[in-house]
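Have a look at the structure below, then the notes.
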Amino acid sequence: KELRVEVAYTLGQIGPAAAAANDALAGLVANEDVNLATEAALALGKIGPAAGSAVPALCDALGRNEGRNAHAIVLALGNIGPQAAAAQPLVLKAMEGKDKSLAVIAARTYVAIQPASNAAKAAAKAVSVLAACLSDPLPETRMAAAENLELLGPLARQAVPALEKAAKDDVKGVREAAAKALKAIQ
């Protein structure tokens, strides 16, 4: 059992050069062993766009896994990029769900899987979700939301009021991430 987890991890470390293992990894993303399923999804994400053939398996696992390894699957889809466009409905559902740490990852993924022609529209939807996550009770979620807003730069302009509030957060990491995001937006 542990050997397969280690192999999936190692394939992820190899990155795009491990694309020959896509089918094997895709077959593991819905495995009952959540550690193995998570490492398989993370490995596919690290393989990136070369793992496009795994999108159906990732979507299937995300659609029926009830959150077991949803964070890793959504992250993988985002790293695959526009080839994962078929995952949009599932990613939107994750963006709108109760798990705000998943919503942050899903917002980043939603933008990443869009064709370039739809990036601004997708960013607007993601910014709305990320701005709301800046008030989450978990500082890690608030910090991740600010970091993702920073990545969006000027496209995140509508989040400025929420970021200004986050720049006064009790947690230093959140304050710093919000300040960086504000700087990137200007």
Side-chain angles (χ1 to χ4, degrees), residues 1-119 121-130 132-133 136 138 140-141 144-145 148 151-152:
K1 235 181 179 180
E2 282 189 37
L3 179 60
R4 294 193 313 166
V5 173
E6 299 269 338
V7 170
Y9 172 81
T10 301
L11 289 167
Q13 296 306 303
I14 293 169
N22 284 350
D23 291 343
L25 290 166
L28 297 173
V29 295
N31 193 283
E32 64 186 37
D33 178 349
V34 72
N35 292 329
L36 179 57
T38 298
E39 282 302 330
L42 291 172
L44 288 164
K46 290 177 182 175
I47 291 170
S53 64
V55 169
L58 289 164
C59 288
D60 184 54
L62 182 60
R64 50 187 181 92
N65 81 357
E66 299 168 5
R68 288 179 356 149
N69 60 338
H71 292 75
I73 293 171
V74 172
L75 182 64
L77 290 165
N79 290 343
I80 291 169
Q83 292 182 67
Q88 284 186 42
L90 292 167
V91 173
L92 276 171
K93 184 177 177 184
M95 278 175 57
E96 297 164 355
K98 292 179 182 177
D99 182 342
K100 296 307 173 194
S101 65
L102 178 59
V104 168
I105 297 168
R108 176 199 162 278
T109 293
Y110 185 70
V111 174
I113 64 176
Q114 300 297 321
S117 62
N118 198 32
K121 185 177 175 185
K125 188 169 259 188
V127 167
S128 171
V129 169
L130 293 169
C133 290
D136 190 77
L138 294 174
E140 298 85 1
T141 301
N148 279 281
L151 294 174
L152 292 172

What distance do [X] atom [atom1] and [Y] atom [atom2] have between them, rounded to the nearest 0.5 Å?
{"X": "L62", "Y": "L90", "atom1": "CG", "atom2": "CG", "result": "5.0 Å"}
{"X": "S53", "Y": "L44", "atom1": "OG", "atom2": "CG", "result": "8.0 Å"}
{"X": "N118", "Y": "Y110", "atom1": "CG", "atom2": "OH", "result": "6.0 Å"}
{"X": "L42", "Y": "I47", "atom1": "CG", "atom2": "CD1", "result": "11.0 Å"}

Practice task
Name all residues meeting the side-chain contact (heavy atoms from CB on, under 4.5 Å) criterion together with P89; count only those two or more places apart in sequence or in a different chain, and write none if there are none.
Solution key: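 Not a single residue meets the side-chain contact (heavy atoms from CB on, under 4.5 Å) criterion with P89.
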Exercise for the section: Output all residues satisfying side-chain contact (heavy atoms from CB on, under 4.5 Å) with L102, sequence neighbours left out; order by chain, then residue number. Expected result: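 Once residues adjacent in sequence are excluded, the partners of L102 under the side-chain contact (heavy atoms from CB on, under 4.5 Å) criterion are A70, H71, V74, A94, D99.
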Under 3.5 Å, side chain of [X] to main-chain N/O of [Y], donor-acceptor pair present?
{"X": "N22", "Y": "G52", "result": "no"}
{"X": "D60", "Y": "P56", "result": "no"}
{"X": "N69", "Y": "V29", "result": "yes"}

Taking all heavy atoms of [X] and all of [Y], pick out the closest pair and write down the distance.
{"X": "A8", "Y": "A43", "value": "O-CB, 3.3 Å"}
{"X": "A103", "Y": "C133", "value": "CB-SG, 4.2 Å"}
{"X": "P16", "Y": "A50", "value": "O-CB, 4.4 Å"}
{"X": "M95", "Y": "A107", "value": "CG-N, 3.6 Å"}
{"X": "V55", "Y": "Q83", "value": "CG2-O, 3.8 Å"}

Below 4.5 Å, heavy atoms only, C-beta onward: do [X] and [Y] meet side chain to side chain?
{"X": "E39", "Y": "E6", "answer": "no"}
{"X": "I113", "Y": "Q88", "answer": "yes"}
{"X": "R4", "Y": "N31", "answer": "yes"}
{"X": "T109", "Y": "L75", "answer": "no"}
{"X": "L130", "Y": "L152", "answer": "yes"}

Problem - Intermediate values then yes/no, side chain to side chain contact (heavy atoms under 4.5 Å, CB included), I80 and L58 - result: CA-CA 11 Å; I80 291 169; L58 289 164; 3.6 Å; yes
Problem - More than 12 heavy atoms of other groups within 6.0 Å of Q13 CD - result: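 Atom CD in Q13 is packed in, count exceeds 12.
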Problem - For N79, side-chain hydrogen bond (donor to acceptor under 3.5 Å, both in side chains) partners two or more places apart - result: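 Listed in chain order: R108.
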